[in-house]
Amino acid sequence: MASSDPHATSILQRCLQWEAIMLVGISDLISELPLETDCMENSGEVSLVLDAANYAAQKHATQRRKDAAQTPYVNHVLGVAQILAHEARVTDAFVLAAALLHDTVEDTDTTLADIAARFGHKVAEIVRQVSDDKSLPKETRKRLQIEHAPFCDRDAKLVKLADKIYNLRDLDRDTPIGWSQERVAEGVSPEMDAILDAIYRDHNLIN
Ligand SMILES: Nc1nc2c(ncn2[C@@H]2O[C@H](COP(=O)(O)OP(=O)(O)O)[C@@H](OP(=O)(O)OP(=O)(O)O)[C@H]2O)c(=O)[nH]1
C-alpha cells in the first residue's frame, strides 16, 4: 500500500487501529482459558494439528491468494494458526486445528460432516461458526457475519479475529491484484467496526 497516498495512509491507520483492538480482544479472550487446557500435552494433540495442516494443504492445493505473487492459499490458514500460537499463545489443539481448517468448508468441497468425522465435533463446531455460506450474495454474508458474531463461542471468536488480523496485514503487505484503493477500503469499512463491536460486546473493549 503506497504510504504517500493520503487515502491509503488513512486506510493503513484504520488497519493498525483495528489490529491493536483485535490483539487486545484476543488477550481478553485468552484470559478466560482455564490453565489446565493451556498446554498441548500429548502427541495426540500434535498429531491432530499436523493432520489438520496436511488436510488443509491438500484441500487448498490448487488455490492461490489474490496477491501479485499468487501465494499458495494454504499460507493464509497456516498464518492464522501461527498468529494464535505465537502471538496469542493458544496451545489448545482443537482451536489450532480449527484455525488450519477454517476455510475448508467455505472455499473447498469439504463438508462439516467430513471435518467432524476426521477431526471431531469440537473442531467442526468452530469451523461451522466461522464459515460463510458462499452461495449467498456478499452483502448478505457480511450482514450475517455481524449478526452471528456475538453468538460465536470464545474459540470461534479467536479464529475469526486471527483471520481478520491476517487479512488486514496482507492488505498492508500487498494490494490484491486488480483492487483499487476503494476496493481495499471496502475490506477496511464500517462493517469491520460492526463485526468487532459484535465480537467484543460482552468484553467491554469498545463502546
Ligand atoms: N487481504 C487479502 N485477502 C485475500 C487475499 N487473497 C484472498 N483473500 C481473501 O479475500 C477475502 C476478502 O476479499 P473480499 O472480496 O472482501 O471477500 P470475498 O472474496 O469473500 O468476496 C478474504 O476472505 P474471507 O476471510 O472469506 O472474507 P471475510 O470473511 O473477511 O469477509 C481473504 O481471505 C489477499 O491477497 N489479500
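Read the numbers this way: they start at 1 and go in the same order the structure lists the ligands and their atoms.
For atom 4 (C) of ligand 1, the closest non-hydrogen atom on the protein side is Arg65 NH2, 3.3 Å. Considering only non-hydrogen protein atoms, atom 31 (O) of ligand 1 sits nearest to Lys142 NZ, 2.3 Å. Here the protein heavy atom with the shortest distance to atom 29 (O) of ligand 1 is Gln145 NE2, 2.9 Å. Summary of contacts: the protein heavy atom closest to atom 36 (N) of ligand 1 is Asp170 OD2, 3.5 Å. Counting only heavy atoms of the protein, atom 26 (O) of ligand 1 lies nearest to Glu106 OE2, 2.8 Å.
Checking only distances, Lys164 does come within under 3.5 Å of ligand 1, N or O to N or O.
Salt-bridge check for Lys59 with Asp109: passed, with a basic side-chain N closer than 4.0 Å to an acidic carboxylate O. The pair Arg169-Asp172 fails the salt-bridge criterion, with no side-chain N (NZ, NE, NH1 or NH2) lying under 4.0 Å from an Asp/Glu carboxylate O. At a threshold of 4.0 Å, the pair Arg143-Glu139 does not count as salt-bridged, since none of the basic side-chain nitrogens sits closer than that to a carboxylate oxygen. No salt bridge links Asp174 with Arg65; every basic N to acidic carboxylate O contact stays at or beyond 4.0 Å.
Atoms of ligand 1 found under 4.0 Å from any heavy atom of Tyr73, numbered from 1 in the order shown, are 33 (O). Listed by number with element, the atoms of ligand 1 under 4.0 Å from a non-hydrogen atom of Lys134 are 20 (O). Contact atoms of ligand 1 toward Arg141: 20 (O), 21 (O) (distance under 4.0 Å to a heavy atom of the residue). Under a 4.0 Å criterion applied to the non-hydrogen atoms of Lys160, ligand 1 contributes the atoms 29 (O). Atoms of ligand 1 lying under 4.0 Å from at least one heavy atom of Leu171, given by number and element, are 1 (N).
Heavy atoms of Arg183 found under 4.0 angstrom from ligand 1 belong exclusively to the side chain. Residue Trp179 touches ligand 1 through its side chain alone, judged by heavy-atom distances below 4.0 Å.
Of all the listed residues (Gln63, Gln70, His102, Lys66), Lys66 holds the heavy atom that lies closest to atom 6 (N) of ligand 1. Closest heavy-atom approach to atom 22 (C) of ligand 1 within the set Asn75, Leu168, Asn167: this belongs to Asn167. Across Arg64, Lys138, His76, heavy-atom proximity to atom 14 (P) of ligand 1 is greatest for Lys138.
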Please report, to 0.1 Å, the donor-acceptor pairs under 3.5 Å made by any side chain of residues 72-82, with sequence neighbours excluded.
| unit_1 | atom_1 | unit_2 | atom_2 | d |
| --- | --- | --- | --- | --- |
| Tyr73 | OH | Asp103 | OD2 | 2.6 |
| His76 | NE2 | His102 | NE2 | 3.3 |
| His76 | NE2 | Asp163 | OD1 | 2.9 |

Assess whether side chain to side chain donor-acceptor pair (under 3.5 Å) is satisfied between Glu125 and Gln129, documenting all intermediate values. CA-CA 6 Å; Glu125 177 55 19; Gln129 291 186 36; 2.8 Å; yes
Run the numbers on Leu23 and Glu19 for side-chain contact (heavy atoms from CB on, under 4.5 Å), then give the verdict. CA-CA 6 Å; Leu23 289 170; Glu19 184 180 337; 4.1 Å; yes
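Between the side chain of Asn54 and the backbone N or O of Gln58 there is no donor-acceptor pair closer than 3.5 Å.
Ring-centre distance between Phe119 and Tyr55: below the 6.0 Å cut-off.
Within the hydrophobic cluster formed by Ile, Leu, Val, Met, Phe, Trp and Tyr side chains joined at under 4.5 Å, directly or through other members, Ile177 stands alone, with no partner residue.
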